[in-house]
Amino acid sequence: MQLRVDKLGVIIAALAAYGAFLAPFATFRANRIVAGEARSISEALPPVWATVILLFVIAAAIVAALKTPSPLRLAIAFSTIAALALGIGAAAGHLTPPENSYARVSPASGFWVLLFALGLLAADALTRLRPSPLVRVLFLCGVLGFVAALLMSGTWDGLSLLKEYASRAETFWAEAGKHVMLALGSLAAATIIGIPVGVLCHRVPRLRDGLLGVLNAIQTIPSIALFGILIAPLGWLAIHVPGAAAIGIRGIGAAPAFVALFLYSLLPVVANTVVGLAGVPREANDAARGIGMTDFQRLAGIEFPLAFPVILTGIRIVLVQNIGLATIAALIGGGGFGVFVFQGVGQTAMDLVLLGAVPTVVLAFTAAIVLDALIEMATPNRNQVQSA
Amino acid sequence: MIEIEGITKRYGETTVVRDVSLTIAPRTVTVIVGTSGSGKTTLLRMINRLVEPTSGTIRLDGEDNRSLPGYELRRRIGYAIQGHGLFPHRTVAQNIATVPTLLGWDRARIDAKVAELLTLFQLDPAAFGPRYPHELSGGQQQRVGVARALAAEPKVLLMDEPFGALDPIIRAKAQDDLLAIQKHFETTIVLVTHDMEEAFHLADRIAVMDKGEVVQYTTPAEMLVKPATGFVESLIGAGERPFRLLAIETVATAVEPGTAEGKAISSAVSQREALSTLLWSGRKALPVVGPDGVLIGKVSLDGLAQRAAGRS
Ligand SMILES: Nc1ncnc2c1ncn2[C@@H]1O[C@H](COP(=O)(O)OP(=O)(O)OP(=O)(O)O)[C@@H](O)[C@H]1O
Ligand SMILES: [Mg+2]
């Protein structure tokens with residue numbers, strides 16, 4: 001067998017080498033806001049741990065740099081990531097002096113570079129393997145399950161991020177709930193309203209141009225400005241409409257955030273519904289009419305199923321967008337993970353920022369993978385070929 | 001019985017169908033021919049009200065076709081659209097089952113009908129039923145489209161170039177199947193085609209359309225002998241006329257007394273086929289056998305030549 005070099009793999013190997021040998025693996029700080037001191041792998045870990053991790057990284061770099069089978073690349077990428085995940089937990093235990101609850105240990109640039117390189121290796125291998133949507137979701141579940149197991153087992157308890165979490169576990173889950181409510185709730189509202197509006201736009205071309213224009217204009221308003229614009233009318237509603245205040249409508253808080261996210265969501269849902277319906281083959285529509293379907297039967301039985309993958313794409317855009325945008329809701333007292341981000345920025349406590357940012361990223365990533373899989377499963381051509 | 005009376009369709013300033021009147025007898029096949037854009041599809045679609053006429057009326061069995069909602073009218077009239085128009089997200093079986101499902105047939109009856117129709121069109125129900133339209137060839141898709149139009153056993157069947165994508169062998173087979181189905185269910189068929197061969201093979205009556213008007217509506221034989229306009233004549237093809245004349249009748253009507261040498265031919269084949277056999281075998285006459293295989297006479301080159309001569 002001849003050894004050949006993989007172009008992307010060489011870059012990955014170089015990144016991994018830099019991350020493992022030149023950049024610091026962990027940062028040690030005497031307390032949560034002072035500047036940290038860098039620690040390399042050999043300094044941060046007991047010798048046995050350091051050796052094992054370095055061996056894993058070297059093996060992964062070699063496998064990456066050469067042309068090797070995708071399953072092998074995937075396996076080595078994931079096992080090295082797992083070793084790193086366990087290793088960073090061990091580093092926290094190793095670096096923190098006993099009985100010291102002020103000291104903070106967190107992953108440093110070398111760890112992140114390694115994680116990035118290995119993530120790239122895994123993603124590249126996965127792309128080449130072209131797993132079916134179901135397998136991708138199972139993979140996602142596996143990774144999330146592994147992370148959950150590490151969190152529950154306490155392996156990472158020594159890390160600064162989890163210490164930050166431990167001191168505000170209750171608020172964390174409350175804000176998580178609010179975040180998901182904001183993102184999903186506004187999406188649900190936008191879907192329930194946007195799809196019928198999209199159908200209407202499809203049927204009434206004159207309405208379409210006007211409405212899509214307005215929704216397009218809303219999209220271009222910066223989110224903070226939109227929150228600001230909404231404060232006045234919602235505040236007015238709260239004062240003048242009986243019962244409005246009682247159900248949580250106020251100038252600031254969750255209500256304007258919800259409304260703003262809803263307005264942002266409307267365009268992708270409506271536009272994709274219109275595009276999806278317009279893409280239904282003319283002959284299929286014609287045959288449906290010719291065969292004696294009523295307008296509603298045609299909509300429900302032919303047009304909607306055929307447009308569904310496109311509509312789902314709109315929903316995916318909205319969901320991922322809303323999960324990110326909901327972070328800003330904290331600025332006007334709407335809650336969500338943004339609360340930690342902005343508190344952290346205020347206190348220059350990076351760990352607190354991460355406590356808000358990391359779950360947001362994980363949520364968005366998960367939503368993207370799951371919905372992409374759903375879209376692929378709903379798209380006729382793919383699942384037809386598979387079912388044949 | 002379909003009575004089309006003074007039907008006109010205008011789109012803005014252009015008149016697409018102009019003052020067409022036709023009476024289509026029940027249990028017959030009427031073929032509409034004409035150049036592209038002459039209004040054939042439009043005329044067909046006014047029968048099931050996919051297109052609303054600008055003026056005029058259409059009656060089905062004496063009843064104005066506007067007397068019930070369009071969708072109910074269309075459930076009673078089979079319609080095979082130009083191109084196949086199959087629903088891409090539904091299997092072949094589901095496609096065929098569309099109208100019976102809309103009509104609320106029970107499962108068993110629908111399944112039996114789907115299997116019957118697929119078999120009729122030479123598509124194995126077990127193999128083709130679960131497939132999706134894009135997994136079929138163009139010709140198979142077209143046959144499924146026709147099967148779907150037939151599913152609810154409509155008394156009236158409108159077909160817009162239903163066999164356009166079929167190869168000559170399957171096409172001939174599909175045409176014969178259609179005629180058999182038409183006899184069996186006593187369907188009234190209105191069919192649009194560009195293929196004159198097909199028109200003469202299938203039609204009890206042919207309507208020729210030119211620029212939105214029906215310029216001649218008559219039997220194939222009459223049309224061959226007395227084309228109403230130069231356009232009809234050119235459509236038939238001057239060089240083809242004697243052969244078309246022979247093609248629309250069977251040997252049975254050309255049998256002469258006596259017998260001849262050589263391999264006998266059946267009285268059920270067309271006279272054109274008999275002529276071809278005569279020419280190819282180099283004989284002057286051939287023996288003819290009836291449906292039961294009994295010798296009933298002969299068919300001769302001279303006899304056929306006389307029949308092929310224009311009777312004008
Ligand atoms: N919805 C419409 N709006 C405007 N003009 C139309 C419309 N539908 C059809 N036409 C025009 O009417 C004329 C007749 O169309 P039709 O589809 O009936 O022709 P056809 O004889 O079936 O042609 P082909 O053999 O090509 O199918 C064409 O010139 C066409 O452009
Ligand atoms: Mg046409």
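Lettering follows sequence order; numbering is per chain, from 1.
No part of R76(B) comes within reach of chain A, as not one of its non-hydrogen atoms sits under 4.5 angstrom from that chain. For L50(B), the parts lying under 4.5 angstrom from a heavy atom of chain A are both the backbone and the side chain. Interface remark: R148(B) contributes side-chain atoms only to the contact with chain A (heavy atom separation under 4.5 Å).
For D6(A) and T68(A), the side-chain atoms include no donor-acceptor pair closer than 3.5 Å. Residues T57(B) and D64(B) have side chains that never bring a donor and an acceptor to within less than 3.5 angstrom of each other.
The distance between the ring centers of F121(B) and F128(B) does not fall below 6.0 angstrom.
Listed options P281(A), G292(A), A287(A) were ranked by heavy-atom pairs under 4.5 angstrom with chain B; first place goes to G292(A).
Using modelled atom types, one side-chain atom of N95(B) and one backbone atom of R90(B) make a donor-acceptor pair closer than 3.5 Å.
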